[in-house]
There are 2 protein chains.
Amino acid sequence: MRNLTLLTDFYELTMMQGYFKSGKSQDRVIFDMYYRKNPCGNGFSICCGLEQVVEYIRNLNFNEEDIDYLRSLKIFDEDFIDYLRGFHFTGDIYAIPEGTAVFPREPLVKVIAPVIEAQLIESALLNIINHQSLIATKASRVVHAAAGDSVMEFGLRRAQGPDAGIYGARAAIIAGCIGTSNVFAGKKFGVPVMGTHAHSWIMSFPTELEAFITYGRLYPESCILLVDTYDTLKSGVKNAIRCFDTLKAEGIKLKRYGIRMDSGDLAYLSKKAKKMLDEAGYTEAVISASNDLDEDLISSLKLQGATINSWGVGTKLITSENQPSFGGVYKLAAIMGENGKWIPKIKLSENSEKITNPGDKQVYRIVQKESGKVFADYICLADEVFSEEEDLTLFDPVETWKKSTLEGGSYTMEPLLQPIFEGGKLVYTCPSVEEITEHAKRELDRLWDECKRLKNPHNVHVDLSDKLYEMKIKLLEEYR
Amino acid sequence: MRNLTLLTDFYELTMMQGYFKSGKSQDRVIFDMYYRKNPCGNGFSICCGLEQVVEYIRNLNFNEEDIDYLRSLKIFDEDFIDYLRGFHFTGDIYAIPEGTAVFPREPLVKVIAPVIEAQLIESALLNIINHQSLIATKASRVVHAAAGDSVMEFGLRRAQGPDAGIYGARAAIIAGCIGTSNVFAGKKFGVPVMGTHAHSWIMSFPTELEAFITYGRLYPESCILLVDTYDTLKSGVKNAIRCFDTLKAEGIKLKRYGIRMDSGDLAYLSKKAKKMLDEAGYTEAVISASNDLDEDLISSLKLQGATINSWGVGTKLITSENQPSFGGVYKLAAIMGENGKWIPKIKLSENSEKITNPGDKQVYRIVQKESGKVFADYICLADEVFSEEEDLTLFDPVETWKKSTLEGGSYTMEPLLQPIFEGGKLVYTCPSVEEITEHAKRELDRLWDECKRLKNPHNVHVDLSDKLYEMKIKLLEEYR
C-alpha cells in the first residue's frame with residue numbers, strides 16, 4: 001500500500017501549522033466536497049472513488065522519511081513536526097456511495113473533524129473523487145451511446161499516468177463497460193480483461209492469413225481478428241473468412257469469432273464487412289471497432305447504419321477528452337462554537353453559483369412511488385426530520401417562485417450521505433466493484449430518459465429545505 | 001517500488017503466448033515509439049518520463065500473485081506461465097533524453113529485443129511517456145505565455161489520479177514551472193513546493209484581517225495573502241495593506257509579500273490592487289493569480305495590462321485541458337532475419353501520415369553553427385555514417401522537390417537516441433529533475449522564436465535520409 005500522506009498541497013501544511021500555532025487546531029469544522037456542473041454536458045454524474053479515499057484515510061501517517069523531508073524545508077517548527085509524527089485521522093466522514101447518480105451542488109462527501117485534520121485531506125480527497133467521478137460519468141455517456149452494444153475500455157496507453165489507467169478502468173467498469181484491456185486493473189479489482197492482438201502480431205508473420213490462423217488455433221474461445229493492417233476489405237476481411245473456413249475444416253469450433261477494425265471509414269467498412277461475413281455464412285460474427293471513438297462518434301456511426309456491435313473505446317474515454325476535469329471543490333460549511341453548536345459559514349462570490357451552502361447538511365433523494373423515478377434531490381440541515389406521509393413542497397433555490405408539491409404517501413425520501421468513518425474508525429464496508437456496478441445500473445434505471453440523453457438533458461432539481469434556505473439568506477444578508 | 005509488470009494491455013499477453021507457442025518468442029525485433037502531432041498546436045514537444053520507464057523496466061517481474069492471477073484467467077498454458085515466472089527484460093533500449101525538444105514522426109524510444117519482451121512493455125512505456133511529455137509540453141506553453149513571470153503548478157486536486165498529480169508536477173517543473181503545490185512530488189523529486197493558504201483559513205477566523213495577521217506573523221518569509229474571500233478590493237486588498245502595516249509596526253520584516261486573487265476579473269482587479277498597494281508604499285508586492293488559467297488566458301491578461309507577476313496554474317495545465325492526450329504510438333519497424341540482418345517492416349494506412357518509417361534508425365539534430373539554432377532533424381538508418389565536413393542536402397519526405405543544402409562545416413549533427421539498456425543492463429544514468437530542467441532550458445534556447453510562438457508556429461523539418469526514404473518507397477511499392 002502506497003503511503004500517500006504527503007499527497008497534499010503545500011498550503012494545507014502551512015495552514016495546519018497556522019491552526020496549531022494559534023491554538024485552533026482542534027476546532028471542529030465541517031467541510032463539504034461537491035461540484036458545480038456535470039461534465040461533458042451530462043444530466044448527472046456518477047460518483048466514484050470512495051474506496052480509494054477510505055484506503056487513503058486509513059493509511060494516513062507521516063513516516064520518518066516524510067518527517068525528515070518536512071523538517072528539511074525549514075518552515076515547520078519542531079512542536080508542529082512532533083504533532084505530525086503522531087497524526088492520524090480522528091474525525092467523521094459521510095459520503096454518497098459509489099455508483100450513485102449525483103447532481104451539482106449536493107455534498108458527495110462531508111468531513112466533520114478537527115480543522116487541522118480536515119484541512120490535510122482536502123487535496124487527496126478531491127484528486128481521487130474528481131478523477132474517478134469524471135471517468136465514470138464520461139464512460140456512462142459512451143455506454144449510453146452504444147445503446148446495448150458492449151463497450152470495452154482500451155485506454156491504458158493514453159491515460160495520464162499509471163493510476164489514471166488503473167482507476168480509470170475501475171470507474172469505466174462501474175459505469176457499464178463490460179471489461180478493460182488493463183491487466184493490472186483486472187487483477188486489482190477482479191474485473192474482466194479483454195483484447196486480442198495488435199498490428200505488430202500480423203506484421204510479424206509472413207502473411208496476414210498465417211497470423212490469423214495461428215491466432216485462431218490458439219484462442220478458439222474468442223477469435224476476433226484485426227483486419228486493417230494492410231487493406232480492410234481487400235485483404236483483412238477476406239483473410240478472416242479464409243481463416244474461419246480453415247479452422248472449421250480443421251474441426252476447431254470457435255466459440256466467439258469476428259473482426260476488429262482500427263482505422264478507416266468505420267460506417268462504410270463495417271457494412272461491407274458484414275455483407276462479406278454474412279455471405280460466407282458467418283452471420284454471428286462480432287464486428288468490433290476502435291480508433292479514437294467517443295459517445296458522439298458512436299452515436300453518429302449508429303445513425304449511419306454501421307453494423308458494429310462491439311466498441312473498444314480508449315483515449316477519449318480514459319482522459320474524458322472533451323472535458324478532462326471534474327471540478328469538485330471542498331468548502332468550509334461550519335465551525336463548532338464554544339457552546340457546542342455549529343456556526344454556519346458561507347463563502348461569497350460574485351458568481352451566485354459559487355456561493356456555498358452553509359451548515360451541517362444531509363441530502364435526500366425524492367423518488368416518486370408511481371414511476372419509480374427520481375423527482376428531485378433535497379438538501380436540508382442534518383437535524384431536520386421529515387415524514388414521507390406529509391406533503392413536501394420543493395422550490396427552486398434561485399427562481400424561488402417555481403414550486404411543486406408532492407402529496408404525502410406518493411414519494412420516498414432516502415438519505416444519500418452514509419456514515420463512512422466515525423471518530424476516525426471505519427464503519428462502512430466498501431462494496432466490490434461488481435456490487436458498485438450493479439448499484440450504478442439500478443441508479444440509471446431510476447432516472448428519466450430525459451435526464452440521460454447526451455445533449456441538453458433535463459436537469460434534475462436539487463432543492464434546499466426551507467430551513468437551509470433561510471440560513472443561507474440570513475448569512476448572505478449579514479455579509480452584504 | 002510498485003510492481004507495474006501487469007500494467008499492460010491484455011492483448012500483449014495473448015500475443016506473447018502466441019509468439020511463445022509458435023516458436024517465435026525469441027525473434028529479435030525493433031519497435032519505435034513516436035508521435036504524429038504536437039499537442040495543443042505547439043511547434044515542438046518536450047519528451048519526458050524516461051526515468052520512470054527505466055524504473056519500470058528494471059522492476060519487471062511476475063510475482064507469485066501475478067502468476068496466480070494469470071492462471072486464474074484459464075487462457076494461458078503452464079509452459080507459458082513458467083516462462084513468465086522467469087521473465088526479465090534482456091533487450092536494448094535507446095531513447096532521446098528527457099527535456100529534449102522533439103518533433104513528430106521521430107523515434108523518441110527504440111526498443112530492440114526478443115518480440116515477446118518488446119511486446120509486453122508497449123502499454124506501460126506509452127502510458128508513461130505519453131503522459132509526462134504531454135504535461136511538459138503543455139506546461140512549456142504556459143511558461144512561454146508568462147514571459148518571464150514565475151509559474152507555479154497547482155493542479156493536484158484536479159489531476160487524473162495520484163500519479164497524474166505526482167508525475168504531472170515533475171513534467172511541469174522540467175518545462176519551467178518554478179515550483180509545485182504537490183508535497184509528495186516535492187519530496188520525491190527534490191523540487192520546490194509552494195503555496196500559502198485557502199479561503200477556509202480566512203473563514204476560520206472571526207475577521208479577514210485577523211486571519212491575515214496571524215498568517216503573516218507565522219510566515220514572514222513569504223506572506224502572500226488570499227484577498228478574494230469576501231470582496232477583493234473593498235475588503236481583501238485593504239486588509240492586506242493593514243496587515244502589512246501592522247506587521248511593520250510590530251517590527252516583523254516580510255522577506256516576500258503580496259496578494260493572491262483566485263476569482264473575478266483578474267485584469268481589472270490586479271490593476272486596481274497594484275494602485276492601492278503602490279499608494280501604500282508596497283511597490284514590491286507580489287501580485288499572484290490563479291483560477292482556471294492557461295496559456296491563452298495569461299496571454300490575454302498580459303495584453304490587457306494586468307499587473308500580475310506570479311501565476312498559479314492548476315486544472316488546465318495538469319490535465320492539458322484542450323488536448324488531454326499525447327498520441328504516442330509504438331510500431332514494429334524491423335524483424336531480424338535468419339541471416340542476422342534486419343528485415344524492415346512497414347505499417348500501411350490510407351492516411352499517409354500514419355505510414356510508419358521502417359528499419360533500424362537514428363535521429364540526428366542538425367544545428368546551424370552561426371545561429372546556434374536547430375535547422376532540422378534528420379532520421380536515417382542507424383548504420384549510416386556522416387561527416388559534418390560534407391554538404392548535407394535535406395528534402396521534405398512528402399513534397400520531395402523541396403530541398404535545401406547545408407554547406408560542410410556550417411552545421412553540427414548530434415545523435416539524439418542514446419543507449420539506455422544494453423542486453424537488459426542499464427547503461428544510462430538518469431539525470432536529476434534539476435539537471436533535466438536545465439537541459440530543457442538550453443533546448444528551448446536553441447529553437448527559433450518562430451517555433452515557440454503559441455499559435456501557428458513554424459514547424460521544424462524532420463527529414464529522412466536518402467537511404468531510409470528509398471527503403472520506405474520500396475516497401476510501399478511492394479505492398480501496393
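Keep in mind the model is a prediction, meaning the values are calculated, not measured. In what follows, chains are A, B, ... by sequence order, proteins preceding strands, each numbered from 1.
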Backbone of B:Lys347 reached by a side-chain donor or acceptor of B:Thr356 within 3.5 Å: yes

Please check this pair: side chain of A:Asn127 against backbone of B:Leu156, looking for a donor-acceptor N/O pair closer than 3.5 Å. yes

Under a 3.5 Å distance rule, please check whether A:Tyr11 uses its side chain to pair with a backbone N or O of B:Ala198 as donor and acceptor. no

Contact class of A:Gln132 relative to chain B, heavy atoms under 4.5 angstrom: neither

Please collect all salt bridge (charged side-chain N to carboxylate O under 4.0 Å, His left out) contacts where either partner lies in residues 121-131 of chain B, sequence neighbours excluded, each pair once. A:Arg157-B:Glu122

Determine the option with the most heavy-atom pairs under 4.5 angstrom with chain B, choosing from A:Gln52, A:Lys354, A:Arg217, A:Glu65. A:Glu65

Are the side chain of B:His197 and the backbone of B:Leu226 linked by a donor-acceptor contact shorter than 3.5 Å? yes

Please flag which part of B:Glu12 lies under 4.5 Å from any non-hydrogen atom of chain A: side chain, backbone, both or neither. side chain

So, the side chain of B:Arg158 versus the backbone of B:Gly165: is there a donor-acceptor pair under 3.5 Å, distance only? no

For A:Gln119, is it the side chain, the backbone, both or neither that has a heavy atom under 4.5 Å from a heavy atom of chain B? side chain

Is it the side chain or the backbone of B:Tyr19 that comes within 4.5 Å of chain A heavy atoms, both, or neither? both

Under 3.5 Å, is there a donor-acceptor pair between the A:Asn291 and A:Ser263 side chains? no

Quick check for you: among B:Ser200, B:Ser320, B:Gly168, B:Gly328, which has the greatest number of heavy-atom pairs under 4.5 Å with chain A? B:Ser200

Highest number of heavy-atom pairs under 4.5 Å with chain A among B:Thr229, B:Ile128, B:Thr232, B:Ile135 belongs to B:Thr229

Go through the atoms of A:Phe326 and report whether side chain, backbone, both or neither lie under 4.5 Å from a heavy atom of chain B. neither

Relative to chain B, which segment of A:Leu73 carries a heavy atom at a distance below 4.5 Å: side chain, backbone, both, or neither? side chain

Residue part contacting chain B, namely of A:Leu70, when any heavy atom lies under 4.5 Å: side chain

Looking at B:Glu210, is its backbone amide N or carbonyl O close enough to the side chain of B:Glu208 to form a donor-acceptor pair, meaning the two atoms are under 3.5 Å apart? no

Looking only at heavy atoms and a cut-off of under 4.5 Å, which of B:Gly190, B:Gly327, B:Ala164, B:Gly49 has the most pairs with chain A? B:Gly327

Side-chain donor-acceptor pair present, A:Asp228, A:His199, cut-off under 3.5 Å: yes

If one checks every heavy atom of B:Asn3 against chain A at 4.5 Å, the contacting part turns out to be backbone

Ranked by heavy-atom pairs below 4.5 Å to chain B, first place among A:Leu7, A:Leu134, A:Leu4 goes to A:Leu7

What residue in B:Leu348, B:Thr196, B:Leu126 has the most heavy-atom pairs under 4.5 Å with chain A? B:Thr196

Sidechain-backbone polar pair: A:Ser123 side chain, A:Asp9 backbone, donor-acceptor under 3.5 Å: yes

Excluding sequence neighbours, so at least two apart, what forms salt bridge (charged side-chain N to carboxylate O under 4.0 Å, His left out) with B:Asp77? B:Lys21

Considering only heavy atoms, which portion of B:Asp66 lies under 4.5 Å from any heavy atom of chain A: side chain, backbone, both, or neither? both

The interface call for B:Thr214 against chain A, heavy-atom contacts under 4.5 Å, is side chain

With a 4.5 angstrom heavy-atom cut-off, is it the side chain or the backbone of A:Leu218 that approaches chain B, or both, or neither? side chain

Contact class of A:Lys331 relative to chain B, heavy atoms under 4.5 angstrom: side chain

For a 4.5 angstrom cut-off between non-hydrogen side-chain atoms, does A:Ser181 reach A:Met152? no

Which of B:Arg170, B:Arg2, B:Lys188 passes salt bridge (charged side-chain N to carboxylate O under 4.0 Å, His left out) with B:Asp163? It is B:Arg2

B:Ile335, part contacting chain A, at a heavy-atom distance under 4.5 Å: side chain

Tell me, for A:Ser222 versus chain B, whether the close heavy atoms (under 4.5 Å) come from the side chain, the backbone, both or neither. neither

Between B:Asn130 and chain A, which part of the residue has a heavy atom less than 4.5 Å away: side chain, backbone, both or neither? side chain

Scored by heavy-atom pairs under 4.5 Å with chain B, the best of A:Pro192, A:Gly264, A:Gly195 is A:Gly195

Heavy-atom distance under 4.5 Å to chain B: side chain of A:Thr315, backbone, both or neither? side chain

With the side chain counted from C-beta on, respond yes when B:Gln160 and A:Ser325 share a heavy-atom pair under 4.5 Å apart, and no when they do not. no

Side chain / backbone / both / neither for A:Val193 at chain B, heavy atoms under 4.5 Å: both

Between A:Tyr219 (side chain) and B:Thr14 (backbone), is there a donor-acceptor pair under 3.5 Å? yes

Using heavy-atom distances under 4.5 Å, tell me whether A:Ile75 contacts chain B through its side chain, its backbone, both, or neither. both

Is chain A contacted by the side chain of B:Tyr330, its backbone, both, or neither, given a heavy-atom distance below 4.5 Å? neither

If I measure from the heavy atoms of chain A, does B:Met194 come under 4.5 Å with its side chain, its backbone, both, or neither? backbone

Side chain, backbone, both or neither of B:Lys24 within contact of chain A (heavy atoms, under 4.5 Å): side chain

Examine whether an atom of B:Ile202 lies under 4.5 Å from a heavy atom of chain A, and if so say whether it belongs to the side chain, the backbone or both; otherwise answer neither. neither

Is it the backbone or the side chain of A:Ser22 that comes under 4.5 Å from a heavy atom of chain B, or both, or neither? side chain

Let me know if B:Ile343 has heavy atoms under 4.5 Å from chain A in its side chain, its backbone, both or neither. neither

Within the 4.5 Å heavy-atom criterion, are B:Ile318 and B:Phe154 side-chain neighbours or not? no

What option among A:Phe184, A:Tyr167, A:Tyr56 has the most heavy-atom pairs under 4.5 Å with chain B? A:Phe184

Can you tell me which portion of A:Ile166 sits under 4.5 Å from chain B's heavy atoms? Options are side chain, backbone, both or neither. side chain

Has the side chain of A:Ser235 got a donor or acceptor atom that lies under 3.5 Å from a matching backbone atom of A:Tyr230? no

Given a strict heavy-atom distance threshold of 4.5 Å, which part of A:Met203 is in contact with chain B: side chain, backbone, both, or neither? both

Do the charged groups of A:Glu321 and A:Lys138 touch, with an N to O distance under 4.0 Å? no

Given 3.5 Å as the limit, does a donor-acceptor pair link the side chain of B:Glu221 with the main chain of B:Cys223, or not? no

